[in-house]
Q: 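Structure provided below as structure tokens; questions to follow.
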Amino acid sequence: MHDALAAQSALFANIESHSIETLRTFGYQEIRLPILEKTELYTRSIGNHTDIVSKEMYSFEDRNSDSLTLRPEGTAGCVRAVLENGLITTRQRLWYSGPFFRHERPQKGRLRQFHQVGAETFMMAGPDIDCELITISNRIFEKLEIKNLTLKINSLGTSEARRNYGKVLVNWLESRRDKLDDDSCRRLETNPLRILDSKDVNTQKLLEDAPQLSDYTDDASRLHLEQLKSMLDDNGIAYQHDPLLVRGLDYYNKTVFEWVSPGDSGQNSVCAGGRYDGLVALLGGKPTTAAGFALGIERLALLLEDKTDLAHRSDIYVVALGERAESKARILADLLRTQLAAVVLNNCGGGSLKSQLRQADKSGAKVAVILGENEVRDKTATIKDLRGKTEQKVCKESELVSCIQTYFPVE
Ligand code: ATP
Ligand code: MG
């Protein structure tokens with residue numbers, strides 16, 4: 001679990017604010033969910049044989065001997081919340097943002113505490129809402145100027161279709177066990193569909209000739225996918241139909257999707273989602289259609305890291321010499337903040353002119369406002385251009401805002 005220092009925090013905040021702003025313009029409303037839920041919520045919804053439940057959850061007993069789990073994902077908690085709060089009486093478009101926890105093998109883009117922005121919708125059967133969710137994610141990437149992502153889509157069909165197909169796949173793979181990687185062998189017994197998702201090259205090769213899920217899905221699911229495809233065509237969003245795309249959570253059905261970055265690191269999924277029409281009923285509600293997605297903030301950050309300029313921490317640095325100047329500095333700094341919406345640093349802790357100017361330089365500020373005894377007496381301020389070649393000048397205190405403004409031309 002990592003600390004995010006200034007540079008990374010700024011990057012995360014940038015990704016989050018673009019995401020949230022986009023979701024708002026599509027009419028999504030925020031829901032703030034607890035970080036802890038009962039363990040049972042996840043075992044029931046995500047499925048016992050998934051990676052998340054079988055080996056990635058942080059679970060513990062609290063003082064009442066209730067088993068609780070640090071949330072590994074957002075959908076289950078969101079469904080619990082909409083049920084408990086009686087929200088599934090009308091259509092819902094919701095978003096959330098925050099930390100999630102999975103006990104994984106830590107590596108680049110795979111952390112034990114990571115962050116997601118997620119969207120969940122209820123009571124819309126799609127495929128128009130599936131298209132909307134994909135359009136939102138696409139818009140977020142456009143705003144962040146992330147290119148080169150590939151959208152993969154597939155249909156998982158009904159749970160019955162998956163069960164039937166699962167049997168066929170297991171039969172087919174049983175006789176080829178020796179060619180499977182260890183994880184996939186284990187999954188033959190527990191979660192055969194996840195074998196399709198194996199990152200092992202030999203297994204992938206073997207699967208090229210395996211029976212395909214699409215031959216077992218029902219007509220309604222197939223139609224849903226075809227309609228979604230034509231809507232995406234209309235919206236100019238390119239996609240790849242990937243028959244091997246399955247999601248790592250049991251609750252998905254019908255259309256699922258994933259945005260992946262180039263490369264084959266195993267950590268290139270930046271956003272994933274799909275439909276989960278059975279989950280609300282599974283958790284005790286009436287049958288309710290639902291679909292959503294979650295994007296991984298750290299994985300998007302990896303794609304953006306080169307583009308951030310973080311040397312710049314402030315715009316204006318106020319230097320003050322002596323007590324009277326310091327008290328004036330506090331007032332003028334605040335005036336500059338409110339009038340110019342600039343980042344203004346007050347020199348706190350005294351020091352010589354030279355040492356204060358050194359701090360000003362380090363802060364990345366463009367100009368320094370210097371207040372000494374003379375300035376206080378004459379109701380003036382000295383302005384020093386820290387980056388350009390303009391001569392140092394003295395201006396009247398009453399003209400300080402307009403004078404400083406000339407150093408920040410409107411772009
Ligand atoms: P992967 O196949 O990479 O393990 P996943 O299928 O487990 O991903 P989801 O549960 O669908 O991922 O989560 C949605 C998104 O959250 C992923 O696309 C990814 O961007 C991000 N994510 C998932 N797990 C992690 C993690 N351990 N560290 C960082 N980001 C993660
Ligand atoms: Mg995973």
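Heads up: numbering here begins at 1 and tracks the sequence. For ligands, and for the atoms within them, numbers begin at 1 and follow the listed sequence.
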Q: Can you pull out the closest protein heavy atom to atom 8 (O) of ligand 1? Residue, atom name and distance to 0.1 Å, please.
A: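 Ranking protein heavy atoms by distance from atom 8 (O) of ligand 1, first comes Arg299 NH1, 4.2 Å.
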Q: Which protein heavy atom lies closest to atom 21 (C) of ligand 1, and at what distance to 0.1 Å?
A: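 It is Gly296 CA, 3.8 Å.
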Q: Using heavy-atom distances, let me know which of Lys199, Arg247, Arg105, Gln267 sits nearest atom 2 (O) of ligand 1.
A: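 Considering heavy atoms of Lys199, Arg247, Arg105, Gln267, the nearest to atom 2 (O) of ligand 1 sits in Lys199.
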Q: Any heavy atom of Glu298 sitting closer than 4.0 Å to ligand 1?
A: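 So Glu298 does not count as touching ligand 1.
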Q: Does NZ or CZ of Arg176 come closer than 6.0 Å to the centre of the six-membered ring of Trp172, within 45° of the ring's axis?
A: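 So Arg176 does make the cation-pi contact.
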Q: Do the side-chain N and O atoms of Tyr317 and Asn347 include a donor-acceptor pair separated by under 3.5 angstrom?
A: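 Yes, Asn347 and Tyr317 have a side-chain donor paired with an acceptor closer than 3.5 Å.
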Q: Assign the ring pair Tyr276 / Phe122 to parallel, tilted or perpendicular, where the plane angle (0 to 90°) is split at 30° and 60°.
A: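 The rings of Tyr276 and Phe122 stand perpendicular, inter-plane angle above 60°.
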Q: Taking atom types as modelled, find out whether Asn268 and Ser265 have a side-chain donor-acceptor pair closer than 3.5 angstrom.
A: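 Result is no, nothing qualifies.
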Q: Between Leu111 and ligand 1, is there a nitrogen or oxygen pair with a distance under 3.5 Å?
A: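 Yes.
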Q: Which is closest to atom 22 (N) of ligand 1 in terms of heavy atoms, Phe101, Trp259, Phe114?
A: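 Among Phe101, Trp259, Phe114, the closest heavy atom to atom 22 (N) of ligand 1 comes from Phe114.
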Q: Count the heavy atoms of every other residue, nucleotide or ligand shown that sit under 6.0 Å from CD of Gln29, and state whether that count exceeds 12.
A: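 Counting neighbours around CD of Gln29, 12 or fewer heavy atoms of other residues, nucleotides or ligands fall under 6.0 Å, so no.
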Q: Is ligand 1 less than 4.0 angstrom away from at least one heavy atom of Arg102?
A: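 A heavy atom of Arg102 does come that close to ligand 1.
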Q: Checking Tyr42 against Glu73: is there a side-chain donor and acceptor pair closer than 3.5 Å?
A: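 No donor-acceptor contact under 3.5 Å links the two side chains.
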Q: Check whether NZ of the Lys or CZ of the Arg Lys366 lies under 6.0 Å from the centre of the six-membered ring of Phe408 and within 45 degrees of that ring's axis.
A: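 The answer is yes, since Lys366 meets both limits relative to Phe408.
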Q: Who's closest to atom 20 (O) of ligand 1 heavy-atom-wise, of Gly266, Ser269, Ala301, Ala272?
A: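 Checking each option, the heavy atom nearest atom 20 (O) of ligand 1 is found in Ser269.
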Q: Atom 15 (C) of ligand 1: which protein heavy atom is closest, and how many Å away?
A: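 Going atom by atom, the protein heavy atom closest to atom 15 (C) of ligand 1 ends up being Gln116 NE2, 3.6 Å.
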Q: Any idea which part of Glu258 is under 4.0 Å from ligand 1, heavy-atom wise: side chain, backbone, both or neither?
A: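 Near ligand 1, Glu258 shows nothing, with every heavy atom at 4.0 Å or more.
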Q: At what distance is the nearest protein heavy atom to atom 1 (P) of ligand 1, and which residue and atom is it?
A: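 Sorting protein heavy atoms by distance from atom 1 (P) of ligand 1 puts Arg110 NH2, 3.6 Å first.
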Q: Under a 4.0 angstrom heavy-atom cut-off, which atoms of ligand 1 come close to Glu104?
A: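 Going through ligand 1 atom by atom, the ones under 4.0 Å from Glu104 are 24 (N), 25 (C), 26 (C), 27 (N).
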Q: Scan side-chain atoms only and decide if Glu298 and His115 contain a donor-acceptor pair under the 3.5 Å cut-off.
A: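 Note: Glu298 and His115 side chains meet the donor-acceptor criterion.
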